[in-house]
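Just so it is clear, the structure is predicted and the values come from calculations on it, not from any experiment.
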Amino acid sequence: DAYRTCKARGMDMVALTDHNTISGALEIAHHPDVIVGVEITTWFPGEGHAALHVLAWGVDEAAWADLDRARENVFDLVDVLEARGIPYGLAHPLHRVGDELTVDHLEICLLLFPLWEGRNGARPEISNEVGVRIAQAAQPELIARLAEKHSLRPRRNGPPALTAGSDDHSLLEACNAWSEFPRSARPADVLDHLRAGRVEMAGDHGSPTALAHSVGTLLLKQYANNGAKGLPAPIRGVFSDLIQHPLADPGNVAASGAGGRGGAPGRDPMRDPRRDPRLQR
């Protein structure tokens, strides 16, 4: 559904970057215009209650296994991405998951990430634009000062290049923001452009409607994954068609004890963002 929607809306290449899994992207990887990506949750050392999200493109199963092992520490993660030659960038730079961003955090991110998501289709314009202004302020002289301050090698000697993405979780807002590249015949060409920073952001900023679509759809689909308990039988089919999502059988869900699709018995993957929230970007 995601692939068909993106192609119908005019995308030349389709990149699927689920949270902490490439299983969905692999299901469409047989198409010649698909880029297998992932949005990786990672942490600063000793700050386990707050997270960064890192986008990576051109990831196979072996690479993802290494990245998954390294993602407890953002510095280790970046080292693995670099060693494997995987283009990577910081998603929604001004939105840190679980805690506040500090000036030091942003300075380190300017050193670590050669790409920043300058336009996120789920974030408001002010957030996107301030993030872009911070990125563009990272001229070589500032990068040199920050590298000395944090004793950290910069991954780019100047401002990070700016990408864009829809950050869609509902399919309703898919392709509302996108990245543009010089003409590319293959996904490999796009990956080369990303490595070189030859990318421009395009599309719309987020809106209250886009946020409502994402949050509402996630809640409804989780309800569907849990069997839509209490929903009268005559309208179960109508509800499934409305949210474009199958309903789990309530009896099977109760018997297995699963909290959601892909979860082990008794565990709800939506409550454990470090492992398996099958969210679609």
Legend entry - Glu180 atom CD, neighbour heavy-atom count above 12 within 6.0 Å: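 Yes.
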Inset, instruction - Inspect the surroundings of CD in Glu61 and state if more than 12 heavy atoms from other residues, nucleotides or ligands are less than 6.0 Å away. - result: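 Result for CD/Glu61: open.
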Inset, instruction - Name all pairs fulfilling the salt bridge (Lys or Arg N to Asp or Glu O under 4.0 Å) condition that reach into residues 147-166, sequence neighbours left out, sorted by first residue then second. - result: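 For residues 147-166, and leaving out neighbouring residues, the salt bridge (Lys or Arg N to Asp or Glu O under 4.0 Å) pairs sorted by first residue read Asp79-Arg155, Glu82-Arg153, Glu82-Arg155, Asp104-Lys149, Glu107-Lys149.
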Legend entry - salt bridge (Lys or Arg N to Asp or Glu O under 4.0 Å) contacts in which one or both residues fall within residues 119-140, not counting sequence neighbours: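 For residues 119-140, and leaving out neighbouring residues, the salt bridge (Lys or Arg N to Asp or Glu O under 4.0 Å) pairs sorted by first residue read Arg123-Asp167.
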[atom2] on [Y] to [atom1] on [X], rounded to 0.5 Å:
| X | Y | atom1 | atom2 | value |
| --- | --- | --- | --- | --- |
| Thr5 | Leu171 | OG1 | CG | 4.5 Å |
| Ile235 | Asp241 | CD1 | CG | 12.0 Å |
| Arg69 | Trp64 | CZ | CH2 | 11.0 Å |
| Asn120 | Asn176 | CG | CG | 8.5 Å |
| His150 | Arg145 | NE2 | CZ | 11.5 Å |
| Arg84 | Asp66 | CZ | CG | 4.5 Å |

Inset, instruction - Hey, can you tell me if Tyr223 and Phe239 have their rings parallel, tilted or perpendicular (30° and 60° cut-offs)? - result: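 Geometry flag for Phe239 against Tyr223: perpendicular rings.
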Is any side-chain heavy atom of [Y] closer than 4.5 Å to one of [X]?
| X | Y | value |
| --- | --- | --- |
| Val54 | Leu81 | yes |
| Phe44 | Ile108 | yes |
| Asp33 | Tyr3 | yes |
| Leu115 | Trp57 | yes |
| Asp60 | Val36 | no |

Decide whether [X] and [Y] are clustered together by the hydrophobic rule: side chain heavy atoms of Ile, Leu, Val, Met, Phe, Trp, Tyr closer than 4.5 Å, transitively.
| X | Y | result |
| --- | --- | --- |
| Leu77 | Leu106 | yes |
| Val238 | Leu220 | no |
| Val80 | Val74 | yes |
| Leu219 | Leu172 | no |

Closest non-hydrogen atom pair between [X] and [Y], with its separation:
| X | Y | value |
| --- | --- | --- |
| Ala177 | Gly165 | CB-O, 3.5 Å |
| Ala161 | Val199 | CB-CG1, 3.9 Å |
| Asn157 | Ile143 | OD1-CG2, 4.3 Å |
| Ile86 | Gly58 | CG1-O, 4.3 Å |
| Gly24 | Leu16 | C-CD2, 3.7 Å |
| Arg236 | Ala248 | NH2-O, 3.4 Å |

Inset, instruction - Determine, step by step, whether Arg198 and Phe181 satisfy the side chain to side chain contact (heavy atoms under 4.5 Å, CB included) criterion, reporting the C-alpha distance in whole Å, the side-chain angles of both residues, the deciding distance to 0.1 Å, and the verdict. - result: CA-CA 6 Å; Arg198 295 186 294 265; Phe181 307 90; 5.9 Å; no
Inset, instruction - Show the numbers, then the answer: is there a side chain to side chain contact (heavy atoms under 4.5 Å, CB included) between His31 and Val14? - result: CA-CA 9 Å; His31 295 289; Val14 176; over 6 Å; no
Inset, instruction - Assert yes or no for the condition that the ring centre distance of His53 to His95 is strictly below 6.0 Å. - result: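 Centroid separation for His53 and His95: 6.0 Å or greater.
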Inset, instruction - Applying side-chain contact (heavy atoms from CB on, under 4.5 Å) between Trp116 and each of Leu110, Thr163, Val132, report the one that passes. - result: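 That would be Leu110.
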Under a 3.5 Å distance rule, please check whether [X] uses its side chain to pair with a backbone N or O of [Y] as donor and acceptor.
| X | Y | result |
| --- | --- | --- |
| Asp189 | Arg186 | yes |
| His105 | Thr102 | yes |
| Ser179 | Ala164 | yes |

Legend entry - Contacts of Arg4 that satisfy salt bridge (Lys or Arg N to Asp or Glu O under 4.0 Å) - sequence neighbours left out: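 Partners of Arg4 by the salt bridge (Lys or Arg N to Asp or Glu O under 4.0 Å) criterion, ordered by chain and then number, come out as Asp1.
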Legend entry - Criterion side chain to side chain contact (heavy atoms under 4.5 Å, CB included) on Ile134 and Leu94, from CA distance to verdict: CA-CA 10 Å; Ile134 292 172; Leu94 296 190; 3.9 Å; yes
Legend entry - Donor on one side chain, acceptor on other, Asn128 and His205, under 3.5 Å: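 The criterion, which ignores hydrogens and geometry beyond distance, is satisfied for His205 and Asn128.
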Legend entry - Steps toward side chain to side chain contact (heavy atoms under 4.5 Å, CB included) verdict (Gln136, Leu162): CA-CA 9 Å; Gln136 292 175 338; Leu162 299 171; 4.1 Å; yes
